[in-house]
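Inspection log for the structure reproduced underneath, given as structure tokens.
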Amino acid sequence: MTDIDRASNRPSGRMNGGRALAEMLRLAGVGPMFGMGGFQLLPFYDALAQLGMRHFLINDERCGAFAAEAYARVTNRPGVCDGTLGPGATNLVTGLIEALNAGTPMIALAGDTNRGHSWKNMTQECRQAEILRPAVKELIRVELTSRVPELLRRAFAVATSGRPGPVLLDVPEDVCHGEHDFAAEDFSIDPTTLNAPARRIRPDRADIGRAAALIGRAKRPLILVGGGIHLSAGYEALLAFAEAQSIPIAHTMSGKGGIACTHPLSIGLFGRYSRIANELIEASDCLLVVGCKLGEIATKRYALPPESIPLIHLDILAEEIGRCRPATVALWGDARAGLEDLAEALADDANGTRAARADYIAEIPAQMWAWRQEAAARLDSSERPIHMARLCRELNLALPADSILVADGGFAGHWTGLLYDTKSPGRHFIPDRGLASIGYGLPGGIGAALAAPQTPVVAITGDGGFNMMLGELETARRAGIGLTIVVVNNAASGYVKALQHAMFRGRYQSSDLVEMDYAAIARAIGCSGVRVEDPERLGAALREGLAERTRPTVLDIVVTRDPARMLPAVDNRTVEIRQGDRVA
Ligand SMILES: Cc1ncc(C[n+]2csc(CCOP(=O)(O)OP(=O)(O)O)c2C)c(N)n1
Ligand SMILES: [Mg+2]
């Protein structure tokens, strides 16, 4: 819909607050919404029905927030979810914090008490604004029905500007049910605020000059990318800069897909788990950190990178720069804009620089080859129960370049973060590293599948995370989406069990799950379900799932039950990693 269409399609006249909310979201062109109704927001639901807008009932508001969050990641447009007064609103908290920490644009609506009766023990009344405020970038309380369009407009501006994030609109019952005479002019929205990033800022010229000088004279520079590269959609700028300057790129879990993992300049994951990247960081003489917070996992609990290496930090949030590691040069700005400016500043010497770095660049494929040789036994393993590395290899083989893999917060996310290879730049790997809650996989997969209906979407989740969300299989079935859900069935809260193995000599407490057949459960809900115990069957099962386009498929993958072998590598919080220790 063009802006003109939108403008000519403005409503006017007497309507309630719920209708005004829906009309504004319609003008904003939002995608499918996720929520669970309650009395307060019912006028909004009624308006959605009348306007023919897509809204999915979810079985837990947390999942609605997760689904909207994943939708936003795939589209860079704010995802929309809602919850009713009290428990509906409080159930949104986890998903909203995921969005807050990951910088994902979202609009959440929460019904609140009728102000004529607030503070008189209304049913479900709680101090929800206070509970939700630290979970969002901005909480906007709507006090007048007449201000609904204006404040929703504000919500979009906040959600997509600067570092994107979630905005919660707290809507009292009487505001939602109350009526107002609206003029057509009330319904306007700035089209630039409908996508993130709404606006781009460029780093200071002098800072770009200082950074370019550091990079220009470096012999072994490296780029470390985080999730900010996706928020900025800076893929072309990153690739152009790295190729022009012959600089390899390492990524965090969130930054995976900044360039294709299969690109010769990609050195894979760095931080807690790494193929070859950590060693290359140690040997680097200049690091350019792009859109990355340098948090605990990226830095192996602040052990990386060595303080002696000059570090340039490019980030949209000025206060993130220097939080965990002093920056030699701070570049405050949009990732794409900053990379473009650096490329321009260094363009004249690019040919000479590439020649000078030829030997350095030649090391990368050789090191990657050596790593692959060392990891081959695990990647090709035919052992039963299935080896996680083998599962990752089969995902690499089966998933086409345009597919999206959504990874849950359990150890499946770490395994795929390390071993899954995206084949083109973009949002092809979506892990919930904002808050790393388990349970994101299935609802995240729902949001991603609805955002990209033509794209193959696979969600990988632990059995514990899947148990949390089983009800959402009903949502996925009802939505009729061809989502493939890979359940890593180890009959355990595996990450916890592995840590108990490493730290408490195998004294396990509350880390075992009942052995279950998730394929049978899926079939009972009307989904397709395939249980896989033989690694040779993995490829065919994945292809079967990808081919199913109208209902979800659950692949129940029986993997190792040995807690000594559940993690992709030694966790440096529990044991010192020594030379020669295996890294998957
Ligand atoms: C909501 C939530 N609770 C607890 C944790 C801590 N945690 C991290 S991994 C993990 C184990 C999850 O089990 P499962 O989903 O089966 O994954 P596995 O590690 O077995 O692959 C737990 C409990 C978490 N990340 N999120
Ligand atoms: Mg498990």
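Numbering of ligands and ligand atoms starts at 1, following listing order.
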| query | Between Arg543 and Glu548, does at least one N-O distance fall below 4.0 Å, as a salt bridge requires? | reply | no

Between Asn467 and Leu513, is there a side-chain heavy-atom distance shorter than 4.5 Å?
yes

Atom 18 (P) of ligand 1 has as its nearest protein heavy atom Phe411 CD2, 3.2 Å

closest protein heavy atom to atom 22 (C) of ligand 1 is Val496 CG2, 3.9 Å

- Task: Determine whether the side chains of Arg561 and Asn489 contain a donor N or O and an acceptor N or O closer than 3.5 Å.
- Result: yes

Worksheet item: When you check the gap from the basic side-chain N to the acidic O, do Arg531 and Glu533 get nearer than 4.0 Å?
Response: yes

One finds that the ligand 1 atoms under 4.0 Å from a non-hydrogen atom of Gly494 are 13 (O), 18 (P), 19 (O), 20 (O)

Heavy-atom nearest pair, Leu294 first then Tyr302, reads O-CE2, 4.0 Å

Atom 8 (C) of ligand 1: closest protein heavy atom, distance to 0.1 Å, is Ile438 CG2, 4.2 Å

message: Is atom 4 (C) of ligand 1 touching the protein, meaning some protein heavy atom lies under 4.0 Å away?
response: no

In ligand 1, the atoms that come under 4.0 Å of a heavy atom of Met468 are 1 (C)

Atom 15 (O) of ligand 1 sits nearest the protein heavy atom Gly465 N, 2.7 Å

* Asked: Is any side-chain N of the basic residue among Asp421 and Arg372 closer than 4.0 Å to the acidic one's carboxylate O?
  -> yes

min-distance protein heavy atom vs atom 11 (C) of ligand 1 -> Ser493 OG, 3.3 Å

(message) So for ligand 1, is Gly409 a polar contact partner (N or O within less than 3.5 Å, distance only)?
(response) no

With heavy atoms and a 4.0 Å threshold, my read on which part of Ala498 contacts ligand 1 is neither

Worksheet item: Within the structure, does Ala412 bring an N/O atom to less than 3.5 angstrom of an N/O atom in ligand 1?
Response: no

**Q.** Ionic contact status for Glu320 with Lys293, cut-off 4.0 Å
**A.** no

Does ligand 1 come near enough to Ser437 that some N or O of the ligand is less than 3.5 Å from an N or O of the residue? no

For atom 14 (P) of ligand 1, the closest protein heavy atom turns out to be Gly464 N, 3.4 Å

State plainly whether the residues Asp432 and Arg62 are in salt-bridge range, i.e. N to O under 4.0 Å. no

Worksheet item: From atom 1 (C) of ligand 1, is the closest protein heavy-atom distance below 4.0 Å?
Response: yes

Test log, rule side chain to side chain contact (heavy atoms under 4.5 Å, CB included), inputs Asp112 and Val171
CA-CA 6 Å; Asp112 208 335; Val171 188; over 6 Å; no

On a heavy-atom basis, the closest approach of Ile259 and Thr422 is O-OG1, 4.0 Å

Between His55 and Tyr45, is the ring centroid distance below 6.0 Å? yes

Practice task
State whether a side-chain donor-acceptor pair under 3.5 Å links Tyr495 with Asn490.
Solution key: no

Inset, instruction - Could you tell me whether Arg390 and Asp380 make a salt bridge, using a distance below 4.0 angstrom between a side-chain N and a carboxylate O? - result: no

*Using the salt bridge (Lys or Arg N to Asp or Glu O under 4.0 Å) rule, take Glu383 and Arg378 through it: C-alpha gap first, then chi angles, then the decisive distance, then the call.*
CA-CA 9 Å; Glu383 68 186 53; Arg378 300 185 289 283; over 6 Å; no

query: What do you reckon, does Met566 put a non-hydrogen atom under 4.0 Å from ligand 1?
result: no

*Hey, does Asp463 come in under 3.5 Å of ligand 1, counting only N/O atoms on both sides?*
yes

shortest atom 17 (O) of ligand 1-to-protein heavy-atom contact is with Gly462 CA, 3.7 Å

Practice prompt. Run the salt-bridge test on Glu319 and Arg323 with the 4.0 Å N-O cut-off and return the result as yes or no.
Written response: no

Note on the Mg ion (ligand 2): protein N/O/S atoms within less than 2.8 Å are Asp463 OD1, Asn490 OD1, Ala492 O

Within 4.0 Å of some non-hydrogen atom of Asn490, the atoms of ligand 1 are 18 (P), 20 (O), 21 (O)

for atom 9 (S) of ligand 1, nearest protein heavy atom and its distance come out as Tyr495 CB, 3.3 Å

